[in-house]
Number of protein chains: 2
Amino acid sequence: MTEKTTRKPSAARIQQEARILRAAEEVFAQKGFSGTSMDSVAEAAGISKQNMIYYFSSKENLYRRVLQNILDLWLEKMSFIEDSSAEPAEMISAYIRGKLELSRDYPFASRVFAHEVINGAPILKEYLISHLQPQFERDTALVRRWIEAGKIDPIDPEHLFFVIWAGTQTYADFAPQIQLLLNKPALEQSDFDAAASFLTQIVLRGIGAEH
Amino acid sequence: MTEKTTRKPSAARIQQEARILRAAEEVFAQKGFSGTSMDSVAEAAGISKQNMIYYFSSKENLYRRVLQNILDLWLEKMSFIEDSSAEPAEMISAYIRGKLELSRDYPFASRVFAHEVINGAPILKEYLISHLQPQFERDTALVRRWIEAGKIDPIDPEHLFFVIWAGTQTYADFAPQIQLLLNKPALEQSDFDAAASFLTQIVLRGIGAEH
DNA sequence: TGCAAGTTTTACCAGCTGGTAAAGTTTCTT
DNA sequence: AAGAAACTTTACCAGCTGGTAAAACTTGCA
């Protein structure tokens, strides 16, 4: 039974698509959706615009794929649950460290996401509802169990996550401002380490999770 | 001695300019600089594009003015110093409350600023260096004095501000995501109150500033 | 080898972009 | 009332936008 609609994509095609997606992520991160032209993405990928359109038939199509890659990556790496037997302190510090590593290693992805959400998440909305929301509810439920078990103080689980997200994402999204105020041409590993230890300390002490 | 270059701007002109600036702020917040067309701003302001160009001769011009208004407002309201005799706990909680009020009352301004910084602050850079940086250095210096006086634990003053900024700004910039996860059509006063008390508690306990 | 599928290039376009030029209209001042 | 200054409208445009159509080239495989 040979398939007609869906052929196996060749290795070359996969490689070319990945190349385009990487370029698109960078340009979208810097200019947002409306500010990004197909031409500029193609140039960044080193191919002609028309050839790129062969791989991604429309701009919105391309943008969707970029967003989906980002969210897949994040949700995969940011599962709070997994080892739910671990103690709050180590789980939270691992979570913070993990999110900061994402900001460090995928700053473009973070900015594309930021652009999208600031603009009201017109395209991401469905995906957020179907994928992020359930995970968020599992994670906040776990935090509530911690509270009931007396492992941490009675705090608002939702806002706990909002602050952790904001405090980690800022090192990707607002990097230009932070660099400027730290008088550095770029954020270094030591800055991420300082951010991680500061944030972890603040949060753990703030919710009474130390010791 | 009558002036030729600078005439007194009429009340009508000031009003019209303000009207345009308000509209521009909203559109820039939603679409970013490149994604915003002069036409769409004019439409939002209820006048013709050509007439708007009479008041703001170019798009960049208009954008600069919007940014400047925002920064002026923020720096004016966000001086950490002023009453430097106050105790750390009350100063920090007032600061957090003030910044959250800005997020609540001027969400568009916050988003325009976010767009600009994410894009590398190409236009804001000079202004940040000349206005934000000095204030930042005064504020971090004050925090260092608190540490030396034993009023708070020895923490990293820079990262303290980064976290406070991120944790307050997120309620403007990422409002769509937060609304979605809270299952609310819009953020209410109670949400800002919850955010304020959570953030304040976390930060004050985190740096040992309570009591 | 042949030839079909996959890929790249060339040519093109309608619509929107920021901006100019200038004519027309209203408002202010004397 | 009249003239000037301030304001608004009409007409226009060159360049860029996302996207289409199709010709030309390359590759994998019978």
Side-chain angles (χ1 to χ4, degrees), chain A residues 1-21 23-28 30-67 112 115 119 122-123, chain B residues 1-25 27-28 30-67 112 115 119 122-123:
Chain A
M1 227 190 270
T2 53
E3 296 208 350
K4 256 189 180 173
T5 49
T6 310
R7 287 279 229 236
K8 51 169 182 184
S10 74
R13 179 172 194 115
I14 289 173
Q15 203 175 353
Q16 191 80 306
E17 284 187 358
R19 181 192 180 84
I20 294 169
L21 285 169
E25 186 179 286
E26 184 162 348
V27 182
F28 279 131
Q30 283 163 6
K31 297 282 185 174
F33 177 78
S34 320
T36 295
S37 74
M38 294 291 266
D39 237 343
S40 63
V41 173
E43 196 186 355
I47 60 175
S48 72
K49 182 188 77 169
Q50 293 81 350
N51 190 18
M52 192 183 64
I53 290 176
Y54 170 72
Y55 289 97
F56 296 92
S57 57
S58 80
K59 188 178 164 183
E60 187 177 316
N61 204 317
L62 174 60
Y63 183 65
R64 289 195 120 90
R65 282 286 301 275
V66 170
L67 275 180
V112 175
H115 265 124
N119 294 0
I123 289 183
Chain B
M1 222 189 278
T2 53
E3 296 206 353
K4 257 188 177 171
T5 48
T6 310
R7 287 277 231 235
K8 51 170 182 184
S10 73
R13 180 174 192 112
I14 289 173
Q15 204 174 353
Q16 191 80 306
E17 284 186 0
R19 183 193 179 83
I20 294 169
L21 285 170
R22 232 179 302 128
E25 185 178 288
V27 182
F28 279 131
Q30 283 163 6
K31 297 281 186 173
F33 178 78
S34 320
T36 296
S37 74
M38 294 291 266
D39 238 342
S40 63
V41 173
E43 196 186 356
I47 61 175
S48 72
K49 182 189 75 168
Q50 294 81 348
N51 190 18
M52 191 183 64
I53 290 176
Y54 171 74
Y55 290 96
F56 296 92
S57 57
S58 79
K59 187 178 165 183
E60 187 178 317
N61 204 318
L62 174 60
Y63 182 66
R64 289 194 119 90
R65 283 286 300 276
V66 170
L67 275 180
V112 175
H115 265 123
N119 294 0
I123 289 181

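Lettering of chains follows the sequences in order, A, B, ..., and the numbering in each one begins at 1.
Under the 3.5 Å distance criterion, the side-chain polar atoms of B/Lys59 are matched with a main-chain donor or acceptor of B/Phe33. In this structure, A/Thr36 contributes its side chain and A/Gly32 its backbone to a donor-acceptor pair below 3.5 Å. Judged purely by atom type and a 3.5 angstrom limit, A/Lys49 has no side-chain atom pairing as donor or acceptor with the backbone of A/Ser37.
Rounded to whole Å, the distance from CZ on B/Arg13 to P on C/dC28 is 15 Å. Atom CD1 in A/Ile47 sits roughly 12 Å away from atom P in C/dT7 (whole-Å rounding). Computed from coordinates, the A/Met38 CE to C/dT17 P distance equals 18 Å when rounded to whole Å. One atom, CG of B/Asp39, and another, C1' of C/dG19, lie 12 Å apart when rounded to the nearest Å. Regarding B/Lys31, its NZ atom lies at a distance of 15 Å from the C1' atom of C/dT17, rounded to whole Å. A/Arg19 places its CZ atom 15 Å from the P atom of C/dT7, with the value rounded to the nearest Å.
Within a heavy-atom distance below 4.0 Å of DNA chain C, the residues of residues 49-65 of chain B found are B/Lys49, B/Gln50, B/Ile53, B/Ser58, B/Lys59.
Within a 6.0 Å sphere centred on CD of B/Glu17, other residues, nucleotides and ligands contribute more than 12 heavy atoms.
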| Step-by-step side-chain contact (heavy atoms from CB on, under 4.5 Å) determination, B/Leu21 to B/Phe56 | CA-CA 10 Å; B/Leu21 285 170; B/Phe56 296 92; 3.8 Å; yes
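Looking at A/Glu43, A/Met52, A/Gln50 one by one, the single match for side chain to side chain contact (heavy atoms under 4.5 Å, CB included) with A/Met38 turns out to be A/Met52.
In this structure, the nucleotide among D/dC7, C/dG19, D/dT9 sitting nearest to the side chain of B/Ser48 is D/dT9.
B/Ser34 comes within 4.0 angstrom of no nucleic acid atom, judged by non-hydrogen atoms across all strands.
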